[in-house]
Enquirer: 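The structure that follows is given in the form of structure tokens.
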Amino acid sequence: MNVGFYVDSVAATPQNGEIFEALNEAVDNKDITDASVFFNDIDYNPIKPKFGMFNSTDIWAFTGVLIATTLENVIRAAKVVNKFKLIYLYNGEEKNLLMLMDIMNVVPVFVTNSQDSDEIYRLTGKKPTNISKLSIKNILGVI
């Protein structure tokens, strides 16, 4: 299975660190056949990737599971006509409630902790999928 993440920037952020480590681990363990990170902006990240990194303009060629990390990236990816399953990974920092409510009706929403799960349920009345830890096995286990 192909798994890709769509991030705003590949800069060294806590969430990007988790994503890079999860993808590297999945590649090492052969849990997936291919892994990619698509980005809007390039930046320095000290974690050496064992997967492909592509500008977001290349999403049109991707097939598999695509996990977007911002609401804006979910909307951009949803406009691409291709064969990928789109998922939104909530990071606890999104403040656009109306956009979040719209996304909940169209795209599966994943969280990595119970606080984010409770917050989304409180705001939208819908329960997201709690994968408890960002790992590719956990994500693929609930798809």
Side-chain angles (χ1 to χ4, degrees), residues 1-114 116-117 119-121 123-143:
M1 162 137 327
N2 296 338
V3 175
F5 280 84
Y6 182 13
V7 299
D8 268 340
S9 171
V10 294
T13 65
Q15 186 179 41
N16 283 349
E18 288 181 48
I19 291 169
F20 280 40
E21 289 176 14
L23 286 175
N24 281 344
E25 179 182 328
V27 169
D28 285 341
N29 296 338
K30 298 186 184 342
D31 294 333
I32 52 178
T33 55
D34 195 13
S36 306
V37 168
F38 297 93
F39 56 85
N40 295 325
D41 296 312
I42 191 77
D43 203 340
Y44 174 73
N45 193 314
I47 300 173
K48 183 178 177 184
K50 298 178 182 178
F51 48 84
M53 296 180 61
F54 307 95
N55 187 279
S56 60
T57 57
D58 292 323
I59 287 178
W60 66 269
F62 179 77
T63 58
V65 176
L66 183 65
I67 303 157
T69 60
T70 67
L71 290 171
E72 291 80 11
N73 287 347
V74 170
I75 291 168
R76 287 182 193 115
K79 293 177 183 177
V80 175
V81 178
N82 203 346
K83 297 178 183 177
F84 54 74
K85 178 173 178 57
L86 183 59
I87 295 170
Y88 171 52
L89 179 63
Y90 181 77
N91 64 8
E93 297 177 12
E94 295 290 350
K95 302 299 180 207
N96 191 331
L97 177 59
L98 295 176
M99 197 182 294
L100 179 61
M101 291 170 65
D102 283 344
I103 295 298
M104 290 290 295
N105 293 323
V106 180
V107 176
V109 176
F110 285 18
V111 296
T112 57
N113 61 62
S114 60
D116 287 347
S117 180
E119 178 77 1
I120 288 178
Y121 182 68
L123 293 172
T124 67
K126 295 182 181 175
K127 291 191 177 204
T129 302
N130 189 344
I131 56 172
S132 71
K133 178 185 177 233
L134 184 60
S135 100
I136 303 305
K137 274 190 174 181
N138 289 353
I139 292 169
L140 296 179
V142 295
I143 294 180

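None of these values were measured; they are calculated from a predicted model. All residue numbers in this chain count up from 1 along the given sequence.
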Enquirer: Is there side-chain contact between Glu72 and Asn40, with heavy atoms separated by less than 4.5 Å?
Expert: no

Enquirer: Could you give the distance from CD1 (Ile67) to NZ (Lys85), rounded to the nearest 0.5 Å?
Expert: 10.5 Å

Enquirer: Measure the spacing between CG of Leu86 and NZ of Lys79 and express it to the nearest 0.5 Å.
Expert: 13.0 Å

Enquirer: After noting the C-alpha distance and the side-chain angles of Ile59 and Phe84, does the key distance pass the side-chain contact (heavy atoms from CB on, under 4.5 Å) rule?
Expert: CA-CA 9 Å; Ile59 287 178; Phe84 54 74; 3.6 Å; yes

Enquirer: Can you tell if the side chain of Ile143 reaches within under 4.5 Å of the side chain of Ile87, non-hydrogen atoms only?
Expert: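 Yes - at least one pair of side-chain heavy atoms lies under 4.5 Å apart.
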
Enquirer: Which value, rounded to the nearest 0.5 Å, describes the distance between Leu100 atom CG and Glu119 atom CD?
Expert: 9.0 Å

Enquirer: Exactly one of Phe38, Phe39, Phe62 should register a ring pair (Phe, Tyr, Trp, His ring centres under 6.0 Å) with Phe54. Which one does?
Expert: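 Of all the options given, the one that passes is Phe38.
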
Enquirer: Below 4.5 Å, heavy atoms only, C-beta onward: do Leu89 and Thr112 meet side chain to side chain?
Expert: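 Yes, close enough: below the 4.5 Å cut-off.
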
Enquirer: May I ask you to decide if Thr70's main-chain N or O and Asn91's side chain share a donor-acceptor pair within less than 3.5 Å?
Expert: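 No, Asn91 side chain to Thr70 backbone: no donor-acceptor pair under 3.5 Å.
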
Enquirer: For residues Val3 and Ile139, determine if any side-chain heavy atom of one lies less than 4.5 Å from a side-chain heavy atom of the other.
Expert: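 A side-chain contact under 4.5 Å is absent here.
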
Enquirer: Grab the two heavy atoms, one from Ser117 and one from Asn130, that are nearest each other, plus how far apart they are.
Expert: CB-ND2, 4.2 Å

Enquirer: In the structure I gave you, are the side-chain heavy atoms of Asp8 and Asp41 within less than 4.5 Å of one another anywhere?
Expert: no

Enquirer: Check the orientation of Phe20 and Phe51. Use parallel for under 30°, tilted for 30 to 60°, and perpendicular for over 60°.
Expert: perpendicular

Enquirer: When you look at Val111 and Ile120, which way does the side-chain contact (heavy atoms from CB on, under 4.5 Å) test go after all the steps?
Expert: CA-CA 9 Å; Val111 296; Ile120 288 178; 3.6 Å; yes

Enquirer: Quick one: does Ser36's side chain have a donor or acceptor within less than 3.5 Å of a partner on Phe5's backbone?
Expert: no

Enquirer: How far does OG1 of Thr69 sit from CD of Glu18, to the nearest 0.5 angstrom?
Expert: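 Between atom OG1 of Thr69 and atom CD of Glu18 there are 11.5 Å.
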
Enquirer: Any donor and acceptor pair, going by atom type alone, linking the side chain of Asn29 with main-chain N or O of Asp31 inside 3.5 Å?
Expert: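 Between the backbone of Asp31 and the side chain of Asn29 there is no qualifying donor-acceptor contact (under 3.5 Å).
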
Enquirer: Rounded to the nearest 0.5 Å, how far apart are CG of Asp102 and CG of Leu97?
Expert: 9.5 Å

Enquirer: With side-chain contact (heavy atoms from CB on, under 4.5 Å) as the test, pick out the partner of Val74 among Leu66, Val107, Val109.
Expert: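 Going through Leu66, Val107, Val109 one by one, the side-chain contact (heavy atoms from CB on, under 4.5 Å) with Val74 is satisfied by Val107 alone.
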
Enquirer: Indicate yes or no: at least one non-hydrogen side-chain atom of Ile75 is less than 4.5 angstrom from one of Ile103.
Expert: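 They are in side-chain contact.
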
Enquirer: Hydrogens and angles aside, do Asn73 and Tyr88 bring a side-chain donor and acceptor to less than 3.5 Å of each other?
Expert: no

Enquirer: Is it true that a side-chain atom of Asp34 and a backbone atom of Asn2 form a donor plus acceptor pair closer than 3.5 Å?
Expert: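 It does not hold such a pair.
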
Enquirer: When you measure from the side chain of Thr33 to the backbone of Met1, do you find a donor-acceptor pair of N or O atoms at a distance under 3.5 Å?
Expert: yes

Enquirer: Measuring from Lys83:NZ to Thr63:OG1, what's the distance to the nearest 0.5 Å?
Expert: 8.5 Å

Enquirer: Report yes if the side chains of Leu23 and Pro49 come closer than 4.5 Å at any heavy-atom pair, otherwise no.
Expert: no

